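Convention: sequence-line order gives letters A, B, ...; per-chain numbering from 1. Note that the structure is a prediction, hence the values are computed from the model and not measured.
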There are 2 protein chains.
Amino acid sequence: MVSASTANVRGPYKNGIKRRREIIESAARVFGQFGYAGGSLRQIAQEVGVTPAALTRHFDSKEGLLVAVLDYWDEENDRTIPRSRQGLDRFLGMPTSVLHHTMDRGLIEMFLTVAAEASNPRHPANEHIRRRYERVIGNGVRELTRARELGQVHPMSDSEIVAEVRGAYALMDGIQLQWLIDPTIDLVATFKRCLGDIISKWTGHEVDWDAVARDGAETP
Amino acid sequence: MVSASTANVRGPYKNGIKRRREIIESAARVFGQFGYAGGSLRQIAQEVGVTPAALTRHFDSKEGLLVAVLDYWDEENDRTIPRSRQGLDRFLGMPTSVLHHTMDRGLIEMFLTVAAEASNPRHPANEHIRRRYERVIGNGVRELTRARELGQVHPMSDSEIVAEVRGAYALMDGIQLQWLIDPTIDLVATFKRCLGDIISKWTGHEVDWDAVARDGAETP
DNA sequence: GTCTATATCACGATAGAC
DNA sequence: GTCTATCGTGATATAGAC
């Protein structure tokens, strides 16, 4: 984080930090609606109420702004995943993350659009997006492995664990894409049902989502 | 299809039809790599070896070209789904579609990139992409309903059927996205395993993918 | 820290020759 | 059917005033 070095400086920088944040949030909206290539600095600047020059002042270039936006998304996203959720709980908490996403369509729209665009090796955000998936899948593998050690799930080989974790996150991305295209579908209910299919194959018994919601409320 | 009206005309149009096809295939590559907004007619024209003016001659506008590319994708895709596959067979055949996609990365890259971009209501391809998902999900719902009537799967309510079908296609999109970002993952094996989780919840017994492959080879 | 002004460039689309 | 030439627009990024 660039702002970390200036966060505790007094006085005149406070406006800059606030403005910086405004720019990032506008940029997330614009990149989400038109993609990275399709969104323009002009458009973002107009939303914020400044000129394009102010944007390059803060972020050097359009690419620099994109990276800042992606970092912002990761922060927002991690906030919805309490570090206390370990083992099987990690996956039972996924619908909660999805629920949070429904309240900020811009971020998920931005992420999926940029992720698809950045899948090309020559895209400026390719490295960032690749590392992001590595991290997310890696964390999932760690927690499902933990669940296996704890006896929360049936025995699985390491490669089976990777496949199952990839499937769970693939389901999440895919359902969210369908919801972007048709927002009338019940995103959380659909996701719960399909994720429940997968998790119940792991554990051998049905998932009681109501009980999960109660437990989640007790220990947030 | 526009070319349908000229496909069986003699002589001088043959070159035009062939060129038209070249343009569409190049456009699919370029739109896949840079998105619709990010890809340019100049770039496509250069790949084909003509000037941008030739492109607008054939397709009127950039948007017209995009529509032609999406139609082309649908044709290519439908070719991998034999109409003979009904009921549960429809879903058992999904990994075959995915396998075909691995052999033409450009098309799946184009589709996912444009689908994410076009999720915005103001995107020129929004209507097209929305109808496409409606059709795909609708077909899936029809076949899973048929499977229910045939007793191939456990009883399910109509709304449960919709959720399960959405989940199956979400899984497919999501896994393909992960494969675009990291092509070293075993796309088909991962998809088979996770789809198997879902289908076995429907039927109550494990999916024997080897048997599916044998049956598919017998009746293509 | 933000502005105005501008340099430089690429875009989609069109007109008209061949 | 494709070309050359060009128009008008809008993009990123920079320079220098305030």
Side-chain angles (χ1 to χ4, degrees), chain A residues 2-3 5-7 9-27 29-31 33-69 114 117 122-125, chain B residues 2-3 5-7 9-27 29-31 33-69 114 117 122-125:
Chain A
V2 177
S3 64
S5 58
T6 58
V9 172
R10 71 192 185 285
Y13 293 125
K14 273 200 297 188
N15 268 342
I17 292 170
K18 186 180 162 197
R19 177 54 55 92
R20 202 187 147 86
R21 195 187 170 80
E22 287 175 357
I23 295 172
I24 287 177
E25 288 177 352
S26 275
R29 265 194 301 277
V30 172
F31 288 156
Q33 284 189 23
F34 306 99
Y36 169 67
S40 72
L41 294 184
R42 277 178 149 76
Q43 210 171 347
I44 297 164
Q46 196 180 14
E47 267 203 23
V48 179
V50 296
T51 60
L55 272 58
T56 59
R57 190 74 175 178
H58 278 285
F59 302 96
D60 285 355
S61 67
K62 190 185 185 186
E63 187 178 333
L65 177 55
L66 174 62
V67 171
V69 169
V114 171
E117 214 181 337
R122 277 143 61 186
H123 193 281
Chain B
V2 176
S3 62
S5 58
T6 57
V9 173
R10 72 192 184 286
Y13 292 125
K14 272 198 296 186
N15 268 343
I17 293 171
K18 186 182 164 195
R19 177 53 56 91
R20 204 188 145 86
R21 194 188 171 81
E22 287 175 358
I23 295 172
I24 288 178
E25 288 178 351
S26 276
R29 266 193 301 277
V30 172
F31 288 155
Q33 284 188 23
F34 306 99
Y36 170 65
S40 72
L41 294 184
R42 281 179 150 77
Q43 207 171 349
I44 297 164
Q46 196 179 14
E47 266 203 24
V48 179
V50 296
T51 59
L55 271 58
T56 59
R57 189 73 176 179
H58 278 285
F59 302 97
D60 286 355
S61 66
K62 190 185 185 185
E63 187 178 333
L65 176 55
L66 175 62
V67 170
V69 169
V114 172
E117 213 182 338
R122 278 142 61 186
H123 193 282

Could you tell me whether Glu25(B) and Arg21(B) have a side-chain N and a carboxylate O separated by less than 4.0 Å? yes
Answer yes or no: does a side-chain N or O of Arg20(B) lie under 4.0 Å from OP1 or OP2 of dG1(D)? no
So do the side chains of Arg42(A) and Gln46(A) get within less than 4.5 Å of each other, counting heavy atoms only? no
Does any part of the side chain of His123(B), heavy atoms only, come nearer than 4.5 Å to the side chain of Leu66(B), both counted from C-beta? yes
Within residues 38-51 of chain A, find the residues that approach DNA chain C with a heavy atom at under 4.0 Å, and present them sorted by residue number. Gly49(A), Val50(A), Thr51(A)
Between the side chain of Tyr36(B) and the main-chain N/O of Glu63(B), is any donor-acceptor distance below 3.5 Å? yes
What's the CG-P distance between Leu55(A) and dA13(D), to the nearest Å? 11 Å
From CG of Leu65(B) across to P of dC11(C) the rounded distance in Å is 15 Å
From CD1 of Ile23(B) across to P of dG1(D) the rounded distance in Å is 12 Å
Pairwise 5' ranking along DNA chain D for Glu63(A) and Arg57(A), keeping only the more 5' one: Glu63(A)
Return the value, rounded to whole Å, for the distance between atom NZ of Lys18(B) and atom C1' of dT2(D). 16 Å
Whole-Å distance between dT12(D) C1' and Leu66(A) CG? 15 Å
When the distance from NE2 of His58(A) to P of dA13(D) is rounded to whole Å, what number comes out? 16 Å
Gly39(B) versus Val30(B), closest heavy-atom pair with distance: CA-CG1, 3.8 Å
Separation of atom CG in Asp60(B) from atom P in dG1(D), rounded to whole Å: 14 Å
